[in-house]
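Letters go in sequence order (proteins before strands), and every chain restarts at 1.
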There are 2 protein chains.
Amino acid sequence: MPRQGKEGRKIDGARLPERFGRARAAQAMALTEDYVELISDLIAEFGEARIADIAQRVGVTHPTATKAIARLKREGLASSRPYRGVFLTDAGAALAERVRARHRIVVDVLVAIGVPRETAELDAEGMEHHVSDATLKAFKAYLRKKA
Amino acid sequence: MPRQGKEGRKIDGARLPERFGRARAAQAMALTEDYVELISDLIAEFGEARIADIAQRVGVTHPTATKAIARLKREGLASSRPYRGVFLTDAGAALAERVRARHRIVVDVLVAIGVPRETAELDAEGMEHHVSDATLKAFKAYLRKKA
DNA sequence: AAAATAATGAAGCATAGGCTACATTTATTA
DNA sequence: TAATAAATGTAGCCTATGCTTCATTATTTT
Ligand SMILES: [Mn+2]
Ligand SMILES: [Mn+2]
Ligand SMILES: [Mn+2]
Ligand SMILES: [Mn+2]
């Protein structure tokens with residue numbers, strides 16, 4: 001490839017940076033989304049979300065979970081006081097709901113296509129964070145039609 | 001949630017750690033996969049893959065791309081010499097092929113379901129890395145049936 | 001052939017997200 | 001109630017990925 005000036009750099013892959021940039025942005029949100037959903041689950045099940053339980057379910061050590069929750073607090077999604085459980089703000093609870101619904105739809109679509117349920121659950125945990133609103137809408141329409 | 005000993009911790013979310021762990025592992029591979037595919041593309045198009053072009057397409061600065069390629073070299077997927085382009089080893093080229101094929105199938109499935117092609121391309125860039133072999137197999141079967 | 005430009009390299013900084021080790025606090029149990 | 005166990009907090013370390021800034025090397029242009 002010959003060296004090139006500012007012009008003439010519109011080779012074919014011109015839209016790639018946007019794609020990769022979006023994937024990076026989605027990934028940056030992934031942990032946040034999984035944590036708020038999990039905290040919401042624990043509160044629904046047990047009335048509270050303890051650091052130890054969060055860490056255990058995510059599969060990390062408790063300091064790692066503590067750090068993640070500190071970030072949620074910084075971002076206004078959660079609150080907590082020393083030696084007490086973690087709670088979600090309204091924003092956090094709303095996000096958890098959206099994430100939960102999206103997760104379910106992704107799994108349902110995979111199953112509808114023929115992916116074994118167990119596999120669908122495994123793969124959806126990572127895939128879900130990259131499903132845009134537009135795609136989610138198409139997924140819903142597909143499931144409605146299939147039903 | 002009452003404090004608990006080693007026993008009795010088999011609450012419902014017992015399979016969650018595995019799910020999250022797999023998602024983390026897939027994510028760790030994501031950049032590697034995208035880079036090798038891109039390097040393969042550039043070599044096919046221009047006969048060489050330059051750092052500047054790689055960085056531009058991935059949407060990062062050139063030192064970031066350099067660091068990523070250093071890792072590919074460490075992992076035996078690429079090779080390069082100072083001020084020369086980047087090349088793929090046999091292992092790297094094989095990985096690139098697998099990644100390219102998977103990317104195409106993911107896009108095709110999304111489109112078949114009703115996702116607009118442009119959106120499908122965007123979302124697939126992140127989703128693809130979380131599609132397991134089992135799911136890929138189901139995707140292929142679905143596309144065959146649809147056709 | 002020199003000068004200017006482009007590409008690459010290398011250093012150093014930041015943040016996210018892992019970990020271990022140890023201190024402190026709370027809850028259970030003896 | 002004292003002793004033990006569990007949970008939480010805190011400090012410090014590591015790697016991966018980003019970045020900016022500046023030095024060096026190749027390539028083009030004059
Ligand atoms: Mn997830
Ligand atoms: Mn999920
Ligand atoms: Mn990708
Ligand atoms: Mn791809």
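Atom-to-atom, CD1 of A/I69 to P of C/dG18 comes out at 12 Å; the value is rounded to the nearest Å. Taking atom CZ of residue B/R84 and atom P of nucleotide C/dA6, one finds them 19 Å apart after rounding to whole Å. Distance, B/M29 CE to D/dT17 C1': 16 Å, rounded to whole Å. The interatomic distance linking B/Q56 (CD) with C/dA6 (P) rounds to 14 Å, in whole Å. For B/L31 and D/dT15, the CG to P distance is 18 Å, given to the nearest whole Å. Residue B/E75 contributes atom CD, which lies 9 Å from atom P of D/dT17 at whole-angstrom precision.
Taking the nucleotide of DNA chain C with the nearest heavy atom to each of A/V58 and B/R81, the more 5' of the two is matched to B/R81. Of the two residues contacting DNA chain C, namely A/P82 and B/A52, the nearest-nucleotide position lying further toward the 5' end is that of B/A52.
The listed nucleotides are C/dT8, D/dA16, D/dT8; the one nearest the side chain of A/I51 is D/dT8.
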Let me have the donor-acceptor pairs involving side chains of residues 116-129 of chain A, under 3.5 Å, with sequence neighbours excluded, atom names and distances please.
residue	atom	partner	partner atom	Å
A/R117	NH2	A/D108	OD1	3.3
A/E121	OE1	A/H103	NE2	3.2
A/E121	OE1	B/R19	NH1	3.3
A/D123	OD1	B/R22	NH2	3.1
A/D123	OD1	B/S132	OG	3.3
A/D123	OD2	B/S132	N	2.9
A/D123	OD2	B/S132	OG	2.7
A/D123	OD2	B/T135	OG1	2.5
A/E125	OE1	B/R19	NE	3.1
A/E125	OE1	B/R19	NH2	2.4
A/E128	OE1	A/H103	ND1	2.8
A/H129	ND1	A/E33	OE1	2.6
A/H129	NE2	A/D34	OD1	3.1
A/H129	NE2	A/D34	OD2	3.2
A/H129	NE2	A/E125	O	3.0

Listing, residues 71-81 of chain A side-chain donor-acceptor contacts under 3.5 Å, not counting sequence neighbours, or none:
residue	atom	partner	partner atom	Å
A/K73	NZ	A/S80	O	3.3
A/K73	NZ	A/S80	OG	2.9

Report all interatomic pairs (protein N or O, nucleotide N or O of nucleotides 19-23 of chain C) with separations under 3.5 Å.
residue	atom	partner	partner atom	Å
C/dC19	OP2	A/T61	N	2.9
C/dC19	OP2	A/T61	OG1	3.0
C/dC19	OP2	A/T64	OG1	2.9

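We find that B/R50 and B/E45 are not joined by a salt bridge, their nearest charged nitrogen and carboxylate oxygen being 4.0 Å or further apart. At a threshold of 4.0 Å, the pair A/D41-A/R100 counts as salt-bridged, since one of the basic side-chain nitrogens sits closer than that to a carboxylate oxygen.
Using a distance-only test at 3.5 Å, with no hydrogens or angles considered, a donor-acceptor pair links the side chain of A/T66 to the main chain of A/H62.
A/R71 has no side-chain polar atom (N or O) that falls below the 4.0 Å cut-off from OP1 or OP2 of C/dA16.
Side-chain contact between A/F139 and B/V115 is present, with at least one heavy-atom pair separated by less than 4.5 Å.
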